[in-house]
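Okay, so here's the structure we're looking at.
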Amino acid sequence: MPFLSKLKSVFCCNTNKYILDDDDDDVASIIERCSMSQQEEEEVSEKPLLNDFENKFDSPTTRPFYQTNQVIVKSVLRKKRNASVSSTKSHSPRRRYNILLFGDNLTAGWVKNEDGYGTYHPYGLRVQKRFEDEGLDVEVTVSGVPGECVVQSMEERLKHELEQPGKWYDWVVILGGTNDVINGYSAWDIYDGLKKLYALCSKHGARILGVTVPEFDWDLVNHLDYQRRIVNEHLNVYNNSTTRNAFTLFLLDRFFPMQSLTTEQRRIFWDYDGVHPTEEGYDLMGDMIFDLLLKEGSWD
């Protein structure tokens with residue numbers, strides 16, 4: 001097995017299944033079942049067009065490697081559907097499903113180059129590809145703003161996304177909070193902001209996949225990591241108080257860690273800036289989130 005495939009097997013594989021259950025402490029947990037595949041499949045979806053930007057909602061940040069004028073990385077990743085995508089088990093056409101991946105730079109797929117400038121490789125690319133591989137008519141839309149905080153403009157921007165004429169979303173995946181922690185917002189304010197986003201999605205009839213705030217390792221802000229952990233604890237409590245049909249929580253910080261990795265694993269899956277995944281890391285995130293969506297959703 002190639003070395004990279006062995007490393008990926010630490011986290012998940014092409015056919016991972018995630019099972020949400022309650023443990024003895026009544027805290028939602030994710031049990032990972034892995035079966036390894038030795039062949040890597042070719043990418044199907046194209047990368048988002050970098051000229052497909054909107055700049056209606058600017059978001060300043062203190063991060064030194066963000067651009068001053070922020071943009072929304074917005075792209076619909078689904079290719080034009082081929083008639084052969086329909087199920088071989090039935091001749092009746094399937095409905096199209098829509099998924100919105102909403103958040104900050106981690107949703108936009110920001111990757112820092114060696115020269116300090118960024119490029120984009122959203123985890124949505126892998127999510128879209130995996131749905132295409134399953135023969136399901138699913139359209140994945142990525143909407144991420146590098147540097148944006150939950151407590152600043154996310155609520156208004158999400159409302160704008162959900163209220164577009166003729167558009168609906170079956171699922172909304174929300175990943176935010178990293179920039180809030182880095183910029184010194186309190187755990188309660190971040191959690192309260194995330195709950196407002198969840199409420200907006202529920203109001204519009206979408207199922208929600210909340211994602212915990214991942215680990216980071218940046219010397220200037222590592223002393224704020226306790227706020228990140230508190231946010232995730234609040235999200236666990238919220239998850240236990242809601243029905244699974246409305247809200248599901250993915251423990252990204254547990255299943256895609258940073259601190260517990262070996263030096264070589266971290267080099268492959270996390271950027272040296274200590275905040276962003278590499279392209280391999282974003283693909284791994286996409287595999288995990290796809291597996292959970294496939295299990296929790298109804299796609300027939």
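These numbers were taken from a predicted model, which means no experiment stands behind them.
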When you compare the side chain of [Y] with that of [X], does any pair of heavy atoms fall below 4.5 Å?
{"X": "His204", "Y": "Tyr169", "answer": "no"}
{"X": "Leu261", "Y": "Pro257", "answer": "yes"}
{"X": "Thr107", "Y": "Pro122", "answer": "no"}
{"X": "Leu101", "Y": "Thr141", "answer": "no"}
{"X": "Leu175", "Y": "Pro214", "answer": "yes"}
{"X": "Glu161", "Y": "Lys167", "answer": "no"}
{"X": "Met154", "Y": "Leu158", "answer": "no"}

> Per the side chain to side chain contact (heavy atoms under 4.5 Å, CB included) rule, which among Ile99, Leu100, Asn98 passes with Val172?
Replying inline: Leu100
Atom of [X], atom of [Y] and distance for their closest heavy-atom approach:
{"X": "Ile190", "Y": "Gly177", "result": "CG2-CA, 4.0 Å"}
{"X": "Phe290", "Y": "Glu134", "result": "CZ-CG, 3.6 Å"}
{"X": "Cys149", "Y": "Asn183", "result": "SG-ND2, 3.9 Å"}
{"X": "Gly147", "Y": "Asn105", "result": "N-OD1, 3.0 Å"}
{"X": "Gly176", "Y": "Val213", "result": "O-CG2, 3.6 Å"}
{"X": "Glu280", "Y": "Ile268", "result": "CB-O, 3.6 Å"}

> Run the salt bridge (charged side-chain N to carboxylate O under 4.0 Å, His left out) check on Arg229 and Glu215 step by step: do they pass?
Replying inline: CA-CA 9 Å; Arg229 296 194 301 269; Glu215 295 179 344; over 6 Å; no
Just by distance, do the side chain of [X] and the backbone of [Y] share a donor-acceptor pair under 3.5 Å?
{"X": "Asn239", "Y": "Leu235", "answer": "no"}
{"X": "Asp273", "Y": "His276", "answer": "yes"}
{"X": "Ser143", "Y": "Phe102", "answer": "no"}
{"X": "His160", "Y": "Glu156", "answer": "no"}
{"X": "Gln128", "Y": "Tyr123", "answer": "no"}
{"X": "Glu296", "Y": "Leu293", "answer": "no"}

>> As a quick check of understanding, evaluate salt bridge (charged side-chain N to carboxylate O under 4.0 Å, His left out) for Glu148 and Arg157, giving each step before the final call.
In response: CA-CA 11 Å; Glu148 187 178 38; Arg157 188 165 67 84; 2.6 Å; yes
Looking only at side chains, do [X] and [Y] share a donor and an acceptor under 3.5 Å apart?
{"X": "Ser186", "Y": "Gln227", "answer": "no"}
{"X": "Gln152", "Y": "Tyr185", "answer": "yes"}
{"X": "Arg228", "Y": "Thr178", "answer": "no"}

Just verifying a value: how many Å separate [X] [atom1] and [Y] [atom2], rounded to the nearest 0.5 Å?
{"X": "Leu136", "Y": "Arg130", "atom1": "CG", "atom2": "CZ", "value": "11.5 Å"}
{"X": "Asp104", "Y": "Ile174", "atom1": "CG", "atom2": "CD1", "value": "11.5 Å"}
{"X": "Leu194", "Y": "Glu155", "atom1": "CG", "atom2": "CD", "value": "11.0 Å"}
{"X": "Cys201", "Y": "Trp171", "atom1": "SG", "atom2": "CH2", "value": "11.0 Å"}
{"X": "Asp291", "Y": "Phe255", "atom1": "CG", "atom2": "CZ", "value": "11.5 Å"}
{"X": "His234", "Y": "Asn232", "atom1": "NE2", "atom2": "CG", "value": "10.5 Å"}

Centroid separation [X] to [Y] less than 6.0 Å:
{"X": "Trp110", "Y": "His121", "answer": "no"}
{"X": "Phe256", "Y": "Trp270", "answer": "yes"}
{"X": "Tyr238", "Y": "Phe247", "answer": "yes"}
{"X": "Phe131", "Y": "Trp299", "answer": "yes"}

>> Quick one, Val181 with Val221, criterion side chain to side chain contact (heavy atoms under 4.5 Å, CB included). Give me CA distance, side-chain angles, the key distance, then yes/no.
In response: CA-CA 8 Å; Val181 173; Val221 294; over 6 Å; no
>> Looking at Lys159, I'd like to know if its NZ atom is crowded, meaning that more than 12 non-hydrogen atoms belonging to other residues, nucleotides or ligands lie closer than 6.0 Å.
In response: no
> Passes side chain to side chain contact (heavy atoms under 4.5 Å, CB included), Thr278 versus Asp283? Steps please.
Replying inline: CA-CA 9 Å; Thr278 61; Asp283 287 343; over 6 Å; no
> Which residues satisfy the side-chain hydrogen bond (donor to acceptor under 3.5 Å, both in side chains) test with Trp168, sequence neighbours excluded?
Replying inline: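 Trp168 satisfies side-chain hydrogen bond (donor to acceptor under 3.5 Å, both in side chains) with Asp170 once adjacent residues are dropped.
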>> So, using side-chain hydrogen bond (donor to acceptor under 3.5 Å, both in side chains) as the criterion, who are the partners of Arg207 when residues are at least two apart?
In response: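 By the side-chain hydrogen bond (donor to acceptor under 3.5 Å, both in side chains) rule, Arg207 matches no residue at all.
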>> Apply side chain to side chain contact (heavy atoms under 4.5 Å, CB included) to residues Asp217 and Asn222 and explain how you reach the verdict.
In response: CA-CA 6 Å; Asp217 185 11; Asn222 280 342; 2.9 Å; yes
Examine [X] and [Y] and state if one hydrophobic cluster contains both, with Ile, Leu, Val, Met, Phe, Trp and Tyr joined whenever side-chain heavy atoms are less than 4.5 Å apart.
{"X": "Phe269", "Y": "Trp218", "value": "yes"}
{"X": "Tyr198", "Y": "Trp188", "value": "yes"}
{"X": "Ile230", "Y": "Val151", "value": "no"}

>> Go through it in stages, so that I can follow the logic: the residues are Thr212 and Asp253, the test is side chain to side chain donor-acceptor pair (under 3.5 Å), and I'd like the CA-CA distance, side-chain angles, deciding distance and then a yes or no.
In response: CA-CA 6 Å; Thr212 56; Asp253 60 321; 2.7 Å; yes
>> Please determine whether side chain to side chain contact (heavy atoms under 4.5 Å, CB included) holds for the pair Phe250 and Met288, giving the CA-CA distance in whole Å, both sets of side-chain angles, and the decisive distance to 0.1 Å.
In response: CA-CA 9 Å; Phe250 174 49; Met288 293 177 173; 3.6 Å; yes
> Quick one: do Lys129 and Glu132 make a salt bridge, cutoff under 4.0 Å?
Replying inline: no
